[in-house]
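It should be emphasised that the depicted structure is a prediction, and the values quoted were computed from it without experimental measurement. Order of the sequence lines sets the chain letters (A, B, ...), proteins ahead of strands, with each chain counted from 1.
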Number of protein chains: 2
Amino acid sequence: MTAARRPTPTVPDTVTQAAHLGRARTAQTRVLLEDYVELIADLAGDAADAPPIGPSTLARHLGVSHATVIKCIGRLSREGLATTLPYRGVTLTQAGLALADRVRRRHRIVVALLRAVGVPEAEAAADAEGIEHHVSDKTLAAFERFLRHTPVG
Amino acid sequence: MTAARRPTPTVPDTVTQAAHLGRARTAQTRVLLEDYVELIADLAGDAADAPPIGPSTLARHLGVSHATVIKCIGRLSREGLATTLPYRGVTLTQAGLALADRVRRRHRIVVALLRAVGVPEAEAAADAEGIEHHVSDKTLAAFERFLRHTPVG
DNA sequence: CCGCATATGTAGCCATGGCTACAATTCGGT
DNA sequence: ACCGAATTGTAGCCATGGCTACATATGCGG
Ligand SMILES: [Mn+2]
Ligand SMILES: [Mn+2]
Ligand SMILES: [Mn+2]
Ligand SMILES: [Mn+2]
């Protein structure tokens, strides 16, 4: 039972595989933060006077309870991505805005790539919401290159 | 604070967005199961007499502790994907094998698509480990179509 | 200016998936 | 046969992110 008798060729070297899976696990811890800052930025609009967004609004868009949102806003704030005052909603910090920009850009590119390889609109929109969080910078760069060098969609 | 003054066009309709994010959240609950059955199938090889795999082997490949693996094997077994006997390792059920087949195929196709749009080998291998779990059947079908109609890489 | 609908916050529950520390079993080598 | 190393299992901790139920604050319409 120490190992498979034949180290099947489909199995990559052990430490590499562990690293890949670990990386995916780590990415998971960022998913919630990324979705929140992306949504907050989208809702607040691009004006300089971005208005604070309330928990119930976020809850509606996220499809979770407002209690859950309030807890997660605590984490956002602990991580320095947003500021919040009781009964006064949440506003992104500079760091939060910077992250939101990166996340929104990546989201757009992922959707565009999916569309470009023939994924239907609705599926692209839905799947991108999960895929985006696992697209590294290098992969994103490759996506952009592909989109530039590909005629239409 | 009830909503953004301008319902910025980047924000999709509320219930659609909630559905998309909810779908990504739901997918998350399958990630662990998928990675486990995929790994177990890979390690056991394709022989009919697939040998049971021990927790420590899985732990090494997954990059987590053996205690964590043992707990997760419990879930695998509760969900009918594997059987296990004390000190005798874990074996996939028919359902587990079927899931593993789907997951491994999807994994291959995702890696191939990433390579086809120009993602470097190492990045493709790493990112695929996270992306794969968020690729729906329709999106997978689109990937296959694209790969068929695209000359080389 | 006041009451009430709505939004916000708190408390406490649960499942998951990490971990370490320790206990028990197995099994190969002598 | 049996000893000891390696594997396996158990116990108990923690953080996360869901939820419901209840409590409190806000602010608008009348
Ligand atoms: Mn997302
Ligand atoms: Mn997104
Ligand atoms: Mn994976
Ligand atoms: Mn995989």
Side-chain angles (χ1 to χ4, degrees), chain A residues 1-4 14 18-19 21-37 39-40 43 51-79 81-91 129-130 133, chain B residues 1-4 14 18-19 21-37 39-40 43 51-79 81-91 129-130 133:
Chain A
M1 198 171 306
T2 53
T14 305
L21 291 166
R23 175 161 150 179
R25 264 197 315 276
T26 298
Q28 192 48 39
T29 73
R30 282 189 303 262
V31 170
L32 180 129
L33 295 177
E34 292 182 350
D35 279 342
Y36 271 70
V37 298
L39 178 58
I40 294 168
L43 291 173
I53 309 295
S56 69
T57 303
L58 294 176
R60 267 192 303 275
H61 282 85
L62 293 164
V64 300
S65 77
H66 80 275
T68 295
V69 169
I70 289 172
K71 254 199 237 181
C72 293
I73 287 176
R75 190 174 157 213
L76 238 54
S77 148
R78 277 200 308 282
E79 310 241 359
L81 296 172
T83 58
T84 179
L85 287 173
Y87 299 98
R88 287 289 112 101
V90 62
T91 308
E129 209 49 73
H133 308 282
Chain B
M1 196 169 306
T2 53
T14 304
L21 291 166
R23 174 161 151 179
R25 263 196 316 277
T26 297
Q28 192 48 41
T29 74
R30 281 189 304 262
V31 169
L32 181 128
L33 295 178
E34 292 182 349
D35 279 342
Y36 271 69
V37 297
L39 178 58
I40 294 168
L43 290 173
I53 309 293
S56 69
T57 303
L58 294 175
R60 268 191 301 275
H61 282 85
L62 292 164
V64 299
S65 78
H66 81 275
T68 295
V69 169
I70 288 171
K71 256 201 236 181
C72 293
I73 287 176
R75 190 174 157 215
L76 239 53
S77 148
R78 278 201 306 283
E79 310 242 0
L81 296 172
T83 58
T84 178
L85 288 173
Y87 298 98
R88 286 279 132 16
V90 62
T91 308
E129 209 50 72
H133 308 282

Would you tabulate the side-chain donor-acceptor contacts of residues 22-29 of chain B under 3.5 Å, counting partners in other chains and residues two or more places apart, or write 'none'?
from: B/R23; atom 1: NH2; to: A/E123; atom 2: OE1; distance (Å): 3.1
from: B/R23; atom 1: NH2; to: A/D127; atom 2: OD1; distance (Å): 2.8
from: B/R25; atom 1: NH1; to: A/L62; atom 2: O; distance (Å): 3.2
from: B/R25; atom 1: NH2; to: A/L62; atom 2: O; distance (Å): 3.2
from: B/R25; atom 1: NH2; to: A/G63; atom 2: O; distance (Å): 3.4
from: B/T26; atom 1: OG1; to: B/G22; atom 2: O; distance (Å): 3.1
from: B/T29; atom 1: OG1; to: B/T26; atom 2: O; distance (Å): 2.8

Check this one for me: any side-chain N or O of A/R78 less than 4.0 Å away from OP1 or OP2 of D/dT16?
yes
Restricting to non-hydrogen atoms, name the atom on A/T84 and the atom on A/G89 that form the minimum distance, rounded to 0.1 Å.
OG1-O, 3.0 Å
Stepwise, does the side chain to side chain contact (heavy atoms under 4.5 Å, CB included) test hold for A/L21 with B/V64?
CA-CA 10 Å; A/L21 291 166; B/V64 299; over 6 Å; no
Please tabulate the protein-to-nucleotide N/O contacts below 3.5 Å involving nucleotides 17-21 of chain C, giving atom names and distances.
from: C/dG17; atom 1: OP1; to: B/R75; atom 2: NH1; distance (Å): 2.7
from: C/dG17; atom 1: OP2; to: B/R75; atom 2: NH1; distance (Å): 2.8
from: C/dG18; atom 1: O6; to: B/K71; atom 2: NZ; distance (Å): 2.3
from: C/dC19; atom 1: OP2; to: B/S65; atom 2: N; distance (Å): 2.8
from: C/dC19; atom 1: OP2; to: B/S65; atom 2: OG; distance (Å): 3.1
from: C/dC19; atom 1: OP2; to: B/T68; atom 2: OG1; distance (Å): 2.8

Nearest-angstrom distance from the residue atom OH of B/Y87 to P of C/dC27:
11 Å
Using a heavy-atom cut-off of 4.0 Å across all strands, would you classify A/I73 as base, sugar-phosphate, or nothing?
nothing
List the steps, then state whether side chain to side chain contact (heavy atoms under 4.5 Å, CB included) holds for A/D35 with A/E129.
CA-CA 8 Å; A/D35 279 342; A/E129 209 49 73; 3.3 Å; yes
Which residue, A/P86 or A/E79, contacts DNA chain D at a nucleotide closer to its 5' end, judged by nearest heavy atom?
A/E79
Looking at side-chain heavy atoms only, is the closest gap between A/I40 and A/L76 below 4.5 Å?
yes
Let me know the distance between CZ of A/R60 and C1' of C/dT8, rounded to the nearest Å.
13 Å
Main chain of A/T83, side chain of A/S77: is a donor-acceptor contact present, judged purely on distance under 3.5 Å?
no
Length of the CG-P vector between B/L58 and D/dT7, whole Å:
13 Å
Rounded to whole angstroms, how far apart are CG on A/D35 and C1' on D/dT16?
15 Å
How close or far is atom C1' of D/dT26 from atom CZ of A/R88, stated in whole angstroms?
7 Å
